Structure formats: structure tokens, C-alpha cells
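A quick note: this is a predicted structure, and the numbers were derived from the prediction, not measured. All ligand and atom numbering here is 1-based and tracks the order in the structure.
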Amino acid sequence: MNIQQISSVPFSDQKPGTSGLRKKVKVFQTAHYLENFLQAIFNVATDLKGGILILGGDGRYYNTEAIQTILKMAVAHGISHIKVGQNGLLSTPAVSHLIRKYSAAGGIILSASHNPGGPEGDFGIKFNSANGGPAETKFTDHVYAESQHITTYQLAEIDNVSLQTQGQFQLGDTLVEIIDPVSDYADLMEQIFDFAKIKALFKSGLLSICFDAMHAVTGPYANEIFQRRLNAAVGSVINSIPQEDFGGGHPDPNLIYAKELVERLNQGKDAPNLGAASDGDGDRYMLIGRNFFVNPSDCLAIMTANAHLLSGYQLGLSGVARSLPTSRAVDKVAETLGIECYETPTGWKYFGNLLDDRRITLCGEESFGGGSDHIREKDGIWAVLFWLNLVTIKHQSVEEITRAHWARFGRHYYSRHDYEGLDSSVAEQLMDGLRKRIETLKGETFAGHTVSDCDDFSYTDPVDHSVTEHQGIRILFQDESRIVFRLSGTGTEGATLRVYLERYEADSALHDLDTQVALADMISIARELAELKTRCDREQPDIIT
Ligand code: VG1
Ligand code: CO
């Protein structure tokens, strides 16, 4: 088979962000753009040669075209065995599991996660390493450095491959296998959770679910797991056929974008008693009860407090971790349990070493991400199953479980305000302005809240001692309130400022406030400190979650 050597020149913008390289589809369609980045990956991930590669994506526009290119390049680079999800589909957690199960050298996931899809939307590439987790920063930095020196890339001269039928065939020295994207992952879920118990409760009619796959990759997974293996009522999974443009929607599981789900859960006594939605690539989830939202930070805390009740976690937890912006609700639980709670930068890659070193069992992020040591990615369906399993054990509703948790540990009112589409240099200046105030803020009082500490978060990995700096400005107050500012690393246009707001309330008589009302002081302090009005001329955030 002929291997073509194609000349190219570097693109200066191939630096991966929080989670892979994300750009507009149009950028990825630029001649040589995708190939250059892939060549950089193959240059760095030398273990792929002679090894197994897992390949799939969230089904968005350009997914299958990119897969054809990757196959040609992977064959040219001597990968011995490639497992591709049928129709090019694989969720991010499924890729993580497949890498681990088949001892693959790595995986390529085609997704821009929660970003919209379609010809005018976004596309992305993530590389996961042999532990199943997102490649570490030192790997992605290396890939970026390589991308700046690309002069040629290699492509095997082969026809496009049909991705529609399961089976396997040989392409030169490479075995290509088109696999069922769901079964291995569904089997893993069945090993972790008590499917018999959940199934019985579905059958009794006491439990019902509405799962919104948001026209993205989790549809086939949810159909198999909730409807086929757990016998949830027909129609329990909505928007379950993956579409290239996600039905024109935004596959971000929050109260704003998962509107149909929220409406179904608010239909009074006939509503399903548990609702959930997932994002484009299936690694995130939102969980709601009837007329009741559980914020993801609370989800992590509730899981931590109750994990020992589930047979899959009955031995207890070695420790837990949360990303910096995630509320400190889980810290309270860890303290009570006497286990370590780690605070990491944003992005799942920072949990990898802690999981591999068995320092933690559960971890989570405020951005609707939760997971455990079963894989090395956040996992939306796993989290929903965790809740279903918990509901069957406790015989309580989502709301009752959450309220009991607050009564025991106190409530962390929490919200994230996103200011999108800011001019990048204005956003950088705003962050610099905050950085300059770090030294002097301590001891200052704003609306009765005194700053106890303030820093630009820096993380030293306790396992490999690598240091990651400038991960967000955090301002801690004496009364356990907190504000964190950081810029998003997943956008494709301008800059997004994320402002994370938190207030602790121990008194259960005060656990029923509206979140935005409860956080009013923090909201105005944050706006004042960041000089949002003068710098950006923004009165209100674009998205509040
Ligand atoms: C966002 C979230 C972060 C998450 C990341 C990738 O990053 O805040 O918690 O890990 O997306 O998730 P940022 O840099 O935009 O804040 V996914 O589901 O897009 O892989
Ligand atoms: Co995602």
C-alpha cells in the first residue's frame, strides 16, 4: 500500500485548551489543518505504533469525515489495531473504558462536547492516553510544540471505509474493527450498579425517569441501559437519535438548554420522579427531581456521603477531589468521613494521577461533571445510575435526599455566571486587574464580608509534583463565602469569563432561599472587583447556571 508524504506548513493556533483542540468546523476544514494536528499527535504518542487505538466521536458534523482521515493516517503510522465505534460513534466515557479494557495505547475522541455542532458550529479532537484519561498538559504542550514544526504528514492511500456495519478487516498491517459502541460500556455499568434493584423499582411504577440525550451521543447508550436493560418505560429517553447538528440545539445539560426535560419534570404528580440530561459527548450530566434542581457540586457531596450504601462502593472511598471552582460542599463531607479532599485545576486531566495512585475514588466538577475510579473520564450515565441506585436504596425522592443532606452538612448556595463573547484582550486585562489586587485584598471588607485569603490558584500534583499555575483567582471570605474568576479554555470565539459564586449556610431554616437572592452580596462584590461594567460594559451575565 502506498504511503503518501504530503507537504504542509504549521498553523499557529493548534494549542489544545481545557479539553482538546476546539475550533469552528470551518477551521478544521481548512486544507491540512486536521492532518497537521493528527501528525503532531502521532509524532508524540509513539506508543501508538504497533498498538491499539480506540476511535470515535459524538456524531457531530464532520465526525465521519475526520474518522476517514484518521484511519488513513493511523494506517500510515503503523497502528496495529483500530477499534472504531459503529457509525463513528463513541461517548467519551466509553472511549475511556475501551482503552482500559483492551489495553489500548490511546484513544482519539472527536467532539467539542457542549459546544453547538453543524457546518457553522464547532468541532474538536481530544487525545486520551493509555490510562484512559485525557492526555496530561505536558503531552498536549508537546503536541502543540510539534504542530509548530510540521512540514509533512503521512497518509495511506486507501479508500474510505464503511462505518455502518460491525465487523473487521485488514488494511495493510492494520486490523480495523467496527465495534458496537454501547455493549462494553453497558456491561461495565451493570457490574458497578445494582441493576436488579433498579429494574424492580421501575417495574413497580414507583420509579420513573426522563433522560434527555439532547440529540447527541448518549441516545444509543441510554436506550440500551435505561430502556432495554433496566426496563424503564418506553419513551423514558427523549431526543435519543444522534444528529449532526444536535437538532439545532446546544448539547449542554443545564436548566436553560435542557428545556424540554425541565418542562416534563415540572408537570406535577404525573411527572417522572427523576430527570437527567447529558452533553454532546456523554461525559456530563444534569440531575433534577420534580420541580427541583440539584447543583453538580451538591451532587458530588451527596455521592460522597452515600457511596458506601451502594454495593459498587461499599468498601468506602479512599478520598475525593473537586476542581477549584466546584463548591466546597464535598469538603464538609470529606471532613466528616475523615478522608482527603483534593482541590485541582479545572479539567478532568488533573484527576488522572490521583485516581491512578488510588488517592481518590470519586471526583467532580461544578460544570455538571462527575465520575469515579471505574474509568478516567467524567461519566454522565454513570452519575445518573448512581442516583437511580441511591433512590432505590433510600426510598426517597431526589429532593428529599438533597434536603436531608443540607440539613446534615449545611447548604452551599452556588452559581456560575458566564460572560460570553468578550474581547480576548479585555478579558485578559480584567484578569490582570484582579491579579494586581491579590496582595491588598486580604482583610478588606465588602458589604460586611471580610476577605480572609486571596490568590491566583496554583496546583502542585501530589503524585508527580508537576506545577500548574494561574488557574483562577480565588477570593475567600471569613464567613466561608467565596468568589472564583477564570477564563474558559473551551470556547472558539473571543473569551468567556466565568464567575463562580458561593455562600455557606449552616442554618436549615435558611435553606429555601432563591439561589441568586442568597448570593446577591457575592454577585455585586464580584462585579465591583472585576470592574465588569467599566471594562466590558456588561450589565448581566449571558448564562447563569
Ligand atoms: C469547561 C468546564 C470544565 C470541563 C471542560 C471540559 O471548561 O468548565 O469543568 O472540564 O469544559 O468538559 P472551561 O475551560 O470552558 O471552563 V467537556 O464535557 O467539554 O470535555
Ligand atoms: Co463533554
message: Under a 3.5 Å distance rule, please check whether Arg60 uses its side chain to pair with a backbone N or O of Ser113 as donor and acceptor.
response: yes

field: Which segment of Thr92 sits under 4.0 Å of ligand 1 when only heavy atoms are counted
entry: neither

task: Look at ligand 1 and say whether Glu377 reaches it with a heavy atom at a distance under 4.0 Å.
output: no

- prompt: Of all the atoms in ligand 1, which lie at a distance below 4.0 Å from a heavy atom belonging to Arg498?
  reply: 8 (O), 13 (P), 15 (O), 16 (O)

- request: Identify the two heavy atoms, one from Arg482 and one from Pro325, that lie closest to each other, and give their separation to 0.1 Å.
  value: NH2-O, 3.3 Å

message: Looking only at protein heavy atoms, which one is nearest to atom 9 (O) of ligand 1, and what is the separation?
response: Ser367 OG, 2.6 Å

- prompt: Which residue supplies the protein heavy atom nearest to atom 17 (V) of ligand 1, what is that atom called, and how far is it?
  reply: Ser113 OG, 2.9 Å

query: So do Ile473 and Arg435 actually touch side chain to side chain, heavy atoms under 4.5 Å?
result: yes

- request: Decide whether an N or O pair under 3.5 Å exists between Leu487 and ligand 1.
  value: no

message: Can you classify the ring geometry of Tyr33 versus Phe28 as parallel (below 30°), tilted (30 to 60°) or perpendicular (above 60°)?
response: perpendicular

- prompt: Going by the order shown, which atoms of ligand 1 are within less than 4.0 Å of some heavy atom of Asp283?
  reply: 17 (V), 18 (O), 20 (O)

statement: Gly489 heavy atoms within 4.0 Å reach ligand 1 at atoms 13 (P), 14 (O), 15 (O)

query: Which atoms of ligand 1 have any heavy atom of Arg486 under 4.0 Å away?
result: 13 (P), 14 (O), 16 (O)

statement: For Ser415 and Thr545 the tightest heavy-atom approach is OG-O, 2.8 Å

query: Can you tell me if Arg22 has a non-hydrogen atom under 4.0 Å from ligand 1?
result: yes

message: Tell me if the CG atom of Leu255 is crowded by more than 12 foreign heavy atoms within 6.0 Å.
response: yes

- line: Of all heavy-atom pairs linking Ile360 and Phe351, the shortest is CD1-O, 4.2 Å

- request: Flag the pair Ile381 / Ile225 as yes when at least one side-chain heavy-atom distance between them is below 4.5 Å, and no otherwise.
  value: yes

query: Given Lys349, Lys378, Arg416, which one has a non-hydrogen atom that is nearest to atom 12 (O) of ligand 1?
result: Lys378

- request: Apply side-chain hydrogen bond (donor to acceptor under 3.5 Å, both in side chains) to the pair Thr515 and Tyr414, showing each step before the final yes or no.
  value: CA-CA 7 Å; Thr515 300; Tyr414 183 85; over 6 Å; no

query: Minimum heavy-atom separation for Asn353 to Val463, with atom names?
result: O-CG2, 3.7 Å

- request: Consider ligand 1: state whether an atom of it lies below 4.0 angstrom from any non-hydrogen atom of Ser323.
  value: no

Residue and atom name of the nearest protein heavy atom (relative to atom 7 (O) of ligand 1), distance in Å to one decimal: Thr490 CG2, 3.5 Å

query: Of the non-hydrogen atoms in Ser19 and Lys126, which two are nearest, and what is the gap between them?
result: OG-CD, 3.2 Å

task: Could you pull out the closest heavy-atom pair between Cys536 and Leu430, with the gap in Å?
output: SG-CD1, 3.8 Å

- line: For Gly347, the ligand 1 atoms with a heavy-atom partner under 4.0 Å come out as 10 (O)

query: Numbering the atoms of ligand 1 from 1, which are under 4.0 Å from a heavy atom of Asp279?
result: 18 (O)

- request: Kindly identify the option in Glu365, Lys126, Arg284 whose heavy atom sits closest to atom 1 (C) of ligand 1.
  value: Arg284

field: Closer than 2.8 Å to the Co ion (ligand 2) - protein N, O or S atoms, ordered by chain and residue number
entry: Ser113 OG, Asp279 OD2, Asp281 OD1, Asp283 OD1

- prompt: Tyr144 and Asp13: side-chain hydrogen bond (donor to acceptor under 3.5 Å, both in side chains), yes or no, with the steps?
  reply: CA-CA 9 Å; Tyr144 174 58; Asp13 65 345; over 6 Å; no

message: If you count every heavy atom of other residues, nucleotides or ligands that lies below 6.0 Å from Lys15 atom NZ, does the total exceed 12?
response: yes

